[in-house]
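Structure, as structure tokens:
In the text below, chain A, chain B and the rest are named by the order of the sequence lines, each starting its count at 1. FYI, side chains are in, hydrogens and waters are out, and symmetry mates aren't considered; it's all heavy atoms of this structure.
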2 protein chains.
Amino acid sequence: MSLPPPKKVTSHDVAKAAGVSQSAVSRAFTPEGKIAAKTRQRILSVARQLGYHPNAFARSLVQQKTNIVGVLMGSIDNQFYPKVLETLTAQLQANGRQVMLFSVGPDEDIEDTLLRALQYQIEAMVMTSVTLSSTVAKTFSEAGVPVILFNRYVDEPGTFAVVCDNASGGRMAADALIGAGCERLAFVGGTPNSSTNQDRKRGFVERLAERGVALSFALEDKSYSYGWGQRAAELLLKNKAIPDGIFCSSDTIAFGVLDALRTRLAKRVPDDVCVIGFDDVPMAAWDAYALSTIRQPSDAMVEAVLEILKNPDAAPVKRDLPVQLIQRNTTRPY
Amino acid sequence: MSLPPPKKVTSHDVAKAAGVSQSAVSRAFTPEGKIAAKTRQRILSVARQLGYHPNAFARSLVQQKTNIVGVLMGSIDNQFYPKVLETLTAQLQANGRQVMLFSVGPDEDIEDTLLRALQYQIEAMVMTSVTLSSTVAKTFSEAGVPVILFNRYVDEPGTFAVVCDNASGGRMAADALIGAGCERLAFVGGTPNSSTNQDRKRGFVERLAERGVALSFALEDKSYSYGWGQRAAELLLKNKAIPDGIFCSSDTIAFGVLDALRTRLAKRVPDDVCVIGFDDVPMAAWDAYALSTIRQPSDAMVEAVLEILKNPDAAPVKRDLPVQLIQRNTTRPY
DNA sequence: CTGAAAGCGCTAACAC
DNA sequence: GTGTTAGCGCTTTCAG
């Protein structure tokens, strides 16, 4: 039951066994390598027998290119991100790149984590749900490693951003709620100082104003969590004139709001109160919620990241992908 | 708005600027490096100014150690895994290691992905929700890279496994359902040929037998999904004598069962039918479900992975961590 | 088409 | 303590 000796087999070993030079082995493993088909065959076959796998580290060293992109994800509790991470990984892999995951706990130093990333010579850093300090942005910029913010943007040089059109989403939510006949509107947001939250709110409020409706309540918290949604709903219903339409800046918040409304506050949705979320995570479609929401184009957003990676020398851009209203059962159709 | 020239600064550059040898720079960046405190200070300061970051690839090459562990995760749609991935990443990072993520789509060749992993000289490969073929197991074993199966085990040499005590979980579910007064029991499983599913079912059936109850229905499918749960519930209720207790081999399946039961089949839970899941994902605690379930000790399981990583030369082991019954509102307390 | 030789950036003896 | 030297495994000119 003991493992075979984990002796690393190198291209030299293969070369010797195949009776060729070491560089021939290298060429055999390079798709465009100038080498006779027959020779390549023989080398590959010997390699397989010996259990040879080219060392990506050595290759990266000499090629000055690691093909690794770093990914830093906060709040994995938002159902939206696992999906994104999955397709991002798959797409990147299909493009010959690998994802290296970085984590940054609440009490940890993000700075520290990011330096680790730099040591691994990542090609770029994709960040979600994380606040990017100027210092960090500068470190990366100086190292020539582009930062790609996902679902957030900041005004830092060398920083790319891929976001959906959050403001439009906010406007759609406003129209949906007004169209459902709501008159006392509330906004329940997450991280107040994030661009995402601000844009969603701004679009919502702007559209409300255009249609002559005031925003009656606005609650915000640093988290996008279920628990916060529950608390927010309870807070909201403490008022004498309670809202009849609630726009939540994430589906997860909306789930909390919905549950509190139905289970704890004995309200009917959408009869007494309409609720609309943002993201369109898989659960939003589940029977228990059937949540009306604004769908983020997650695949297109991942696509946009790939696009940036393909052309990293271009001036930093902010991509703004279109969103879509998905009407389900927490709003009345209009 | 153009990026600064991404000229890589090396330890030689730092050495020159600090007036020391290149190896001094290396030592300055090695915690135990024998070097005068003053010299180190100077070097580090020069390094910072120049924006120097040690190249992990070069280091790994010479040290023959990459500190990278590969992670391959199927079914990210099961809420259980994002959480696992997060803590795994965090823990590994705290141990000076990094996670490299690998993906394998439905139509892709897993073989292919895994060879990529081998090229990156990963220290070990953690795999979840993936069937490990003998071929693959052999490839890794020959390369001296331990495979750590998470939540699954197979009988292959060189393969470690970290699982919870699924059979006990099944037994607990049986007791909970019988305790709730159920008499016609059903099992709704996922991937039939996975050890996890089999063990859960086996424990359930065994305990049922011990208490003199027969298993009335057993449905299985290749997926652990919500949709499958819905379909299963509908199938189950087509029978003349419908079950009054259902054990689902994952929470996600249970959510589908519950929703179908309540929304589509007009059954009351737990009055008409009791339901119990497995995993205890965050949503199980949400008001909309309040699902009784068997909790997997995810943190302990991650811990066990770390443990194996610390001692990879030990004979492959199968860790079997204790589970716990969490009674909520889809069963009647007993 | 193939082999020889020169490094990629770093660590680890080995002398001083 | 510090510098010098020899590679880690590979790609890439450069000859042939």
Take the protein atom [atom1] of [X] and the nucleotide atom [atom2] of [N], then report the distance between them rounded to whole Å.
| X | N | atom1 | atom2 | result |
| --- | --- | --- | --- | --- |
| A/Asn67 | C/dC8 | CG | P | 20 Å |
| A/His12 | D/dG7 | NE2 | C1' | 11 Å |
| A/Lys16 | D/dG9 | NZ | P | 12 Å |
| A/Asp13 | D/dC8 | CG | P | 11 Å |
| B/Gln22 | D/dG7 | CD | P | 16 Å |
| A/Leu61 | D/dG7 | CG | C1' | 13 Å |
| B/Lys65 | D/dC8 | NZ | C1' | 16 Å |
| A/Asn55 | D/dG7 | CG | P | 18 Å |

Side chain of [X] - closest among [options]:
| X | options | value |
| --- | --- | --- |
| A/Tyr52 | C/dA13, C/dT11, D/dC10 | D/dC10 |
| B/Val62 | C/dC14, D/dG9, C/dT11 | C/dT11 |
| B/Val20 | C/dC8, C/dC10, D/dG3 | D/dG3 |
| B/Ser21 | D/dT4, C/dC8, C/dT11 | D/dT4 |
| A/Gln63 | D/dT11, D/dT4, D/dC10 | D/dT11 |
| A/Ser26 | D/dC10, D/dT11, C/dG3 | D/dT11 |

**Study point:** B/Val302 side chain near B/Glu86 side chain, heavy-atom distance below 4.5 Å
**Key:** no
Point to revise | Presence of donor-acceptor pair under 3.5 Å, side chain of A/Ser23 and base of C/dA4 | key: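 Donor-acceptor pair under 3.5 Å: yes.
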Check your understanding: Would the number of heavy atoms belonging to other residues, nucleotides or ligands and lying under 6.0 Å from NZ of B/Lys222 be above 12?
Key -> no
**Study point:** A/Lys138 atom NZ, over 12 foreign heavy atoms within 6.0 Å
**Key:** no
Practice item. Determine the interplanar angle of the B/Phe150 and B/Phe80 rings, folded into 0 to 90°, and report it as parallel if under 30°, tilted if 30 to 60°, perpendicular if over 60°. Key: tilted
Exercise for review: For B/Tyr224 and B/Ser194, work out which heavy atoms get closest and say how close.
Suggested key: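 Looks like OH-OG, 3.5 Å.
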Review point. OP1 or OP2 of C/dC10 sitting under 4.0 Å from any side-chain N/O of B/Ser11?
Key: yes
Check your understanding: OP1 or OP2 of C/dG9 less than 4.0 angstrom from a side-chain nitrogen or oxygen of A/Gln64, does that happen here?
Key -> yes
Check your understanding: Counting N and O atoms only, with roles assigned by atom type, does the side chain of B/Ser141 sit under 3.5 Å from a partner on the main chain of B/Ala137, one being a donor and the other an acceptor?
Key ->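 Such a contact is absent between B/Ser141 side chain and B/Ala137 backbone.
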Exercise for review: Test A/Ser23 against A/Ser21 for side-chain hydrogen bond (donor to acceptor under 3.5 Å, both in side chains), laying out the working first.
Suggested key: CA-CA 5 Å; A/Ser23 34; A/Ser21 75; 3.1 Å; yes
**Study point:** For DNA chain D, the residues among residues 31-47 of chain B that have a non-hydrogen atom under 4.0 Å from it
**Key:** B/Lys34, B/Ile35, B/Ala36, B/Thr39
